[in-house]
Amino acid sequence: MRLIEEFTKKGYYHSILDKERSLSDDKLSIEYLYDPEEAREELIDIFLSKHGDELFIVLKGDVKNPGELCRWWDKRISRFMSFGSSDYSILRKFKYNVIQLVLYSGVSETIIDGKTRIKIPKEINREEEGSVQVSRKIFLPYTEEGGQIVIPDEEAVEIPFYLIPLEDFHAKSTDIDELEACVPDEEEMAFLYSKIAIPRKKAGGIMPLGFNDEQFEKTKEWLLNEN
Amino acid sequence: MSSNNDVRDIAIQIGSFGEKNRDASGGIRGFEFQNLIAIEELVKNDTNYVCCEYLEDVTTVKTDETCRIIQAKYYTTNFTKEMSKEVYLEVYSEYLKLKTTAFYQKKQIEPVLNVFVPKKFWIEDSNHKLCPPVFYPDETEVKSLVEAKAKNGKILKDLSELDLDKYRKEEGQAAVFATYSTNQLLKDYLSEFLIDCKNKEFVEYRELLGESLVNTLEDNYGKVLNGVGDCDKGRILLGLAYQMILETFDRFIILKKDGKEYKTTKFPSKKQVFDRKRITRDEFLKRLYKTVSVSDEQLVSRTIIAMVESVFLEILDYNEDMADTNQFLLEQIKINTIEWLRSMLATIDGQIRFYNTVTLENKDRVESYNDKSIENRRDAFLKSYNHVVSFIKYFWKIMYNLCLKKNDFDIDQDKDWLDPKRYVIEGEKRYICLRFEGDFSKRTVILPQYANDERKKQIINHYDRMHELRPKKWCWPNYSNNGEVGSGNRGMFDYQYSIAEIKKEKELISRIEDDEDTFYIECMKCIGIDIDEWTDAEDCKSCIFSEKCKEDRRP
């Protein structure tokens, strides 16, 4: 998926680095997070959710020590959470919902089924992913295609708001056969394919049965059948 | 055969017969004023040397060998004719003593009353201009007063008799009048007498004196303290000069007996007392120049001590209604502070420790302090002048508050309460870490007030440095966005926190006291260090040491 597009497509994430948007609209002083005049090579973008309750810091993690990078940003995040706004309630909203998206370059492999498969380099130290200090860290591999950052769907699902589009699902044919075999026979157990009207409870208290004896036996047999 | 100088000096020493322990009846401000007059005299081109509290409050011997004997009086109330009469008589006694010497029979003596009166007591002159009151008493009036005193006075065979215990001040004066006063001498005296009433506010007087010190030093030796603003230059030099004057009050002399050195208040001879008291102009300027320009290891220490002296004088200036006992308390605090700083700043590590506390610079700058030359290290502190002042004032005010609010505070029993060392945690070497009784925080730092125009940068620098040092509480006078002091950041903050453990907004301090990852910012709004804010003490327990904010602002 195209990362930046996905953020903006969702509609409710917007970039703090967008020069057309004034920071004071959010009553945030971004200088406490980082110095806008200092070129930070690893910083791709920063996103604040529409409701101000989630902050994403998107970073390039192709560095010697990604853990150190994460801790560097953690220090700045905690500084930002102390002084980033004169209205503390604004900060409090996303204080515990800051996520560092650390992207590292994968190596592209062959194209299979129209999808680029990415080989994840073994050297990346993902230890920091387990850290619960100040921010969550999610490490994701990426490639660049046409100037855009692309993350494979099966990795991108780690991002909380991302759902793989349904149309991208291709069911395996062997799985389909197996699944079909499990399903009860349509002719013999037709009663399972239509809505069963549950009779109303008669006065006197005994709950009427949904299946008759024959239906019950057939269903039991099907369930117990290991095939 | 004695040289002319020796004869002159002996004459001055003769004039000091009958000197009893002078009490600073004008209190600390009177003492300060007198010392500033001494500095004013030392700045004058025609001064040879000056003595403080010897013969008179300030005695000047000029290059033409005439002598000026000055009484310095600082009045907090109106200066009346009655008061000037008293001074007349006192100074006349000194005048007469000098006139017994062959040397001063021929040379001129200028008797002076140098006086400061608050502006509210000034009167309009013939041009309807406000000026301080000056009252020259009537000649006949003074004559009859002298005669009345002389009636009861014993006739002296020799001035040295005055040093005998039986002659108290009043009796000594009467004896001198009886023995030596003549109509002609009195007439000469009265015609020479000058009342110099300062026609400036005290703060202005001090500033101008600082300026003239700078000019005099630079005229004689060349530029000093390059890169420092003129106002600060004056303050620093005045602080240093003041320290030098204070040294002459050291009552101790180190003597040798059986090859061993020992300290005593008993000076063996009048000459030794005189030598201790005398400050020659040349020596004074030379030493002052050396103090600011010679780069020895004590340069940083001297510079900061000068700032501390200057802060003390400034507080006195701006708090006219401060009670005498409180002034004395503050003076003790100042003396102890100077001793503490002198010791700590003697090493680079101590200097870094202090610098790390008072600077607004970032971590890298603090770390590079070690690599700087001595002059650059001194300059780093000069750049932080206001921050040093802010630190000293807040630290002092807290100590001052604790003493004044302590039940049964006794200045002798509780003298360590007036010593910064009592509150400094010696084990922490990276910054000045403090602990005050009654405060929940066991590790407090006093950070300087930052300049509003560079607010964000300076907050960032503070945080980055403190993040590593982890003090529990920042006593940090800080502004809000609209520029009002003290309505800015206050409450609990985090150096670090876990997203797996969401803390409540209003977490009790008692629950996070031992948690190294949280800290508390105290805005210091309740502690006054400005004009007229030292007259009273604040109860720290109910404000800056308290868990709850007085105004119940944001946690």
Side-chain angles (χ1 to χ4, degrees), chain A residues 22-38 40 49 53-57 67-68 70-101 128-138 160, chain B residues 362-364 447 450 452-471 473-474 476 478-484 486-507 515-523 549 553-555:
Chain A
S22 168
L23 292 174
S24 59
D25 291 351
D26 304 296
K27 293 189 193 167
L28 291 172
S29 301
I30 203 72
E31 296 86 354
Y32 292 108
L33 186 56
Y34 83 105
D35 182 356
E37 282 165 35
E38 187 194 341
R40 292 293 309 184
S49 68
D53 55 3
E54 205 167 17
L55 186 79
F56 277 90
I57 301 173
E68 209 174 274
C70 290
R71 286 188 291 275
W72 190 93
W73 278 96
D74 274 345
K75 190 172 160 186
R76 266 142 198 77
I77 294 164
S78 61
R79 182 174 82 193
F80 182 58
M81 291 307 163
S82 296
F83 305 109
S85 177
S86 54
D87 184 349
Y88 183 64
S89 61
I90 293 175
L91 294 169
R92 175 89 190 173
K93 261 176 114 173
F94 61 89
K95 179 175 176 177
Y96 294 96
N97 276 333
V98 178
I99 299 161
Q100 290 187 43
L101 267 186
E128 205 64 23
E129 267 185 328
S131 161
V132 289
Q133 289 299 315
V134 185
S135 64
R136 265 186 69 192
K137 288 91 180 165
I138 301 175
Chain B
N362 62 36
K363 225 172 92 176
D364 292 337
L447 293 175
Y450 53 76
N452 213 22
D453 54 354
E454 280 201 317
R455 190 169 161 263
K456 282 176 190 166
K457 180 178 153 203
Q458 289 166 6
I459 292 176
I460 286 168
N461 288 346
H462 275 331
Y463 185 89
D464 287 350
R465 291 192 341 264
M466 297 302 126
H467 192 272
E468 211 176 286
L469 304 171
R470 303 286 168 109
K473 182 191 267 195
W474 302 8
W476 186 36
N478 67 95
Y479 292 86
S480 69
N481 286 332
N482 60 13
E484 191 195 309
S487 54
N489 298 293
R490 189 194 184 272
M492 274 193 287
F493 297 85
D494 304 289
Y495 291 120
Q496 194 141 306
Y497 56 92
S498 166
I499 54 176
E501 201 187 306
I502 296 176
K503 288 203 196 97
K504 285 186 237 179
E505 264 203 73
K506 290 190 189 231
E507 195 71 66
D515 176 359
E516 267 211 0
D517 292 338
T518 56
F519 68 100
Y520 195 89
I521 295 179
E522 178 50 67
C523 72
C549 172
R553 280 181 283 111
R554 197 231 116 173

Enquirer: Quick one: does any side-chain atom of Asn97(A) pair with a main-chain N or O of Asp53(A) as donor and acceptor, under 3.5 Å?
Expert: yes
Enquirer: Below 4.0 angstrom, N of the basic side chain to O of the carboxylate: do Glu129(A) and Lys137(A) qualify?
Expert: no
Enquirer: Taking every heavy-atom pair that is under 4.5 Å apart, which of Asp494(B), Asp517(B), Ile521(B), Asp464(B) has the most such pairs with chain A?
Expert: Asp464(B)
Enquirer: Identify which of Gln133(A), Met81(A), Arg79(A), Arg76(A) forms the greatest number of heavy-atom pairs closer than 4.5 Å to chain B.
Expert: Arg79(A)
Enquirer: So, are Glu454(B) and Lys457(B) salt-bridged, with charged N and O less than 4.0 Å apart?
Expert: yes
Enquirer: Need one label for Tyr463(B): side chain, backbone, both or neither, based on atoms under 4.5 Å from any heavy atom in chain A.
Expert: side chain
Enquirer: Any salt bridge linking Glu128(A) with Arg71(A)? Criterion: basic side-chain nitrogen under 4.0 Å from a carboxylate oxygen.
Expert: yes
Enquirer: Is it the side chain or the backbone of Arg136(A) that comes within 4.5 Å of chain B heavy atoms, both, or neither?
Expert: both
